Structures are given as structure tokens and as C-alpha cells.
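The first residue in the sequence is number 1, and the count goes up from there. Predicted model only: the values in this text are computed from it and were never measured.
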Amino acid sequence: MDFTPLHDRVLVRRIEAEEKTAGGIIIPDTAKEKPQEGEVIAVGLGTKDEDGDRIPLDVKAGDKILFGKWSGTEVKLNGKDLIIMKESDILGIIG
């Protein structure tokens, strides 16, 4: 991808939710909620502290993450729906 987020921002691709429940019920598109799980595509270089030293991000490209329901800004790059969010909007890394 030819896009690099600035500072402490992260580019994320949503991981689509399951089409069925655990009991086998198929969920129609209109009833699905947007998934809060994604994969990190690209990360910025990090913020700078008071001395001008760069503080690197805790996430890296390829990490699977959980993020808040209303986190980030949705964008379309190269025909793909992606989200740009601050690292602070990320709740955790899925191991």
C-alpha cells in the first residue's frame, strides 16, 4: 500500500463478522453490526516526546486488533474500505 499514516495514526482493515450465529442462524446484512475487529495495514512513525525523541507505536502491520465502536475515520483507498485511527483508539491486540 502506498499510504503511510502520520504520527500515532494506524491504517486498519475491518475483519468481516460471521454470517451465522453459534446456533447456526444466518444473520441478514441489515441486522449486522460493524465489526470491531481489524487488521493493521500500516502504522505511523510515532509521536515525539518533549525532548524531540520519537516514541514508537505498540502495534505493527499485520497485528489483529480490537477497537472502539465509533473509532477512527472511514476512508476508501485503492477501492478498499479502510479506517484511519489513533493508536489510543485501539483497545488491544488479539494474540
Side-chain angles (χ1 to χ4, degrees):
M1 171 120 346
D2 295 333
F3 180 83
T4 303
L6 296 177
H7 308 294
D8 64 339
R9 288 184 173 76
V10 178
L11 184 66
V12 176
R13 178 183 53 85
R14 281 188 198 271
I15 296 175
E16 292 304 316
E18 292 293 322
E19 306 253 334
K20 291 183 182 180
T21 64
I25 299 171
I26 297 174
I27 304 170
D29 288 339
T30 55
K32 285 185 199 173
E33 289 191 22
K34 288 186 177 181
Q36 294 173 267
E37 189 175 326
E39 179 182 359
V40 176
I41 304 297
V43 297
L45 296 175
T47 57
K48 291 187 178 182
D49 62 12
E50 294 173 1
D51 297 327
D53 297 326
R54 210 167 275 285
I55 302 169
L57 276 64
D58 292 328
V59 296
K60 61 187 179 309
D63 284 348
K64 302 248 186 293
I65 59 166
L66 288 177
F67 51 88
K69 191 173 217 165
W70 307 109
S71 299
T73 302
E74 294 182 1
V75 296
K76 192 165 208 150
L77 293 172
N78 297 335
K80 296 178 184 175
D81 292 324
L82 303 170
I83 306 167
I84 299 173
M85 66 180 67
K86 288 187 165 267
E87 185 185 35
S88 60
D89 290 338
I90 296 172
L91 303 174
I93 300 171
I94 299 171

Among the clusters formed by ILVMFWY side chains lying less than 4.5 Å apart, do Leu91 and Met85 turn up in the same one? no
Val12, Leu66: one ILVMFWY side-chain cluster at the under-4.5 Å cut-off? no
Cluster overlap Leu57 with Ile55, hydrophobic side-chain contacts below 4.5 Å: no
Consider only side-chain heavy atoms of I, L, V, M, F, W and Y, link residues closer than 4.5 Å, and tell whether Val43 and Ile93 are in one cluster. yes
How would you list all residue pairs meeting side-chain hydrogen bond (donor to acceptor under 3.5 Å, both in side chains) that involve residues 42-61, not counting sequence neighbours? Lys60-Asp63
Working note: Ile83 + Phe67, criterion side chain to side chain contact (heavy atoms under 4.5 Å, CB included); need CA distance, chi angles, decisive distance, verdict. CA-CA 11 Å; Ile83 306 167; Phe67 51 88; 3.9 Å; yes
According to salt bridge (charged side-chain N to carboxylate O under 4.0 Å, His left out), who are the partners of Asp81, at least two apart in sequence or on a separate chain? Lys76
Start with the C-alpha gap between Glu87 and Val59, add the side-chain angles, then the distance that decides, and say whether side chain to side chain contact (heavy atoms under 4.5 Å, CB included) holds. CA-CA 8 Å; Glu87 185 185 35; Val59 296; 4.2 Å; yes
Can you tell me how far CD of Glu74 sits from CD1 of Ile84, rounded to the nearest 0.5 angstrom? 11.0 Å
Rounding to 0.5 Å, atoms CD (Gln36) and CD1 (Ile65) come to a distance of 11.0 Å
Step by step, would you call Ile90 with Val10 a side chain to side chain contact (heavy atoms under 4.5 Å, CB included)? CA-CA 9 Å; Ile90 296 172; Val10 178; 4.1 Å; yes
Quick one: side-chain contact (heavy atoms from CB on, under 4.5 Å) partners of Lys64, sequence neighbours excluded? Ile15, Glu39, Ile94
